[in-house]
Amino acid sequence: QVQLVESGGGLVETGGSLRLSCAASGRASSSYGTGWFRQAPGKEREFVAAIHWIGRASYYADSVKGRFTISRDNAKNTVYLQMNSLQPEDTAVYYCAAHLPSSRYDPKASYEYDYWGQGTQVTVSS
């Protein structure tokens, strides 16, 4: 079992920054893949970023590439999503999710993930 708790969301102006945290318990964060997804009102959940359990290989949606950075602190069992140059279209509930290691891993597919956090709201004002 893996329990995930997101934090760090809030209200920020266009161009601002936020850092989201995904704190894990029950299993070391270095032993599974972690993804960030987001869901805006009236839209489907979409992939944002992910980090592989092997090394630091990371993946990003085109819409956030160059602005967002995913990282992992193994000592704190926490995965972070640094979000810079935020835009109103980044407004959504952000979820982190854990993928237990397997032979196949498509980091951008929500069905690949076994555990989900409760989400944290990010609102970017124009």
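It should be emphasised that the depicted structure is a prediction, and the values quoted were computed from it without experimental measurement.
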Answer yes or no: is there a donor N or O on one side and an acceptor on the other, between the side chain of [X] and the main chain of [Y], under 3.5 Å?
X	Y	result
Q118	V5	no
T120	Y94	no
N77	A24	yes
Q87	S85	yes
R104	E112	no

To check you understand the geometry: which heavy-atom pair defines the closest contact between [X] and [Y], and what is its length?
X	Y	answer
V2	L4	CG1-CD2, 3.6 Å
V93	G119	CG1-CA, 3.9 Å
P107	A50	CB-CB, 3.7 Å
G9	L20	N-CD2, 3.6 Å
C22	W36	CB-CZ2, 3.6 Å
A57	Y59	O-CE1, 3.9 Å

Applying side-chain hydrogen bond (donor to acceptor under 3.5 Å, both in side chains), can you list everything that pairs with S126, at least two apart in sequence or on another chain?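 side-chain hydrogen bond (donor to acceptor under 3.5 Å, both in side chains) check on S126 returns nothing, list empty.
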Would T91 and Q121 satisfy side-chain contact (heavy atoms from CB on, under 4.5 Å), going step by step from the backbone distance to the final call? CA-CA 8 Å; T91 295; Q121 176 70 47; 4.0 Å; yes
Would you call the rings of F47 and F37 parallel, tilted or perpendicular, taking 30° and 60° as the class edges? perpendicular
Could you grab the distance from atom [atom1] of [X] to atom [atom2] of [Y], nearest 0.5 Å is fine?
X	Y	atom1	atom2	result
S21	E6	OG	CD	10.0 Å
Y95	E46	OH	CD	12.5 Å
I70	H52	CD1	NE2	12.0 Å

Sequence-distant partners of R19, side-chain contact (heavy atoms from CB on, under 4.5 Å), two or more places apart: Y80, Q82
Could you work out, with side-chain contact (heavy atoms from CB on, under 4.5 Å) as the rule, every residue matching V64, not counting sequence neighbours? R38, V48, Y60, A61, R67, F68
Picking from Y113, Y32, W53, what satisfies side chain to side chain donor-acceptor pair (under 3.5 Å) with Y105? Y113
side-chain contact (heavy atoms from CB on, under 4.5 Å), that's the test. Do V79 and L81 meet it? Break it down for me. CA-CA 7 Å; V79 173; L81 184 68; over 6 Å; no
Please say whether more than 12 non-hydrogen atoms of neighbouring residues, nucleotides or ligands are located less than 6.0 Å from CD in E89. yes
Can you name the one residue among L18, V12, T69 that meets side-chain contact (heavy atoms from CB on, under 4.5 Å) with M83? L18
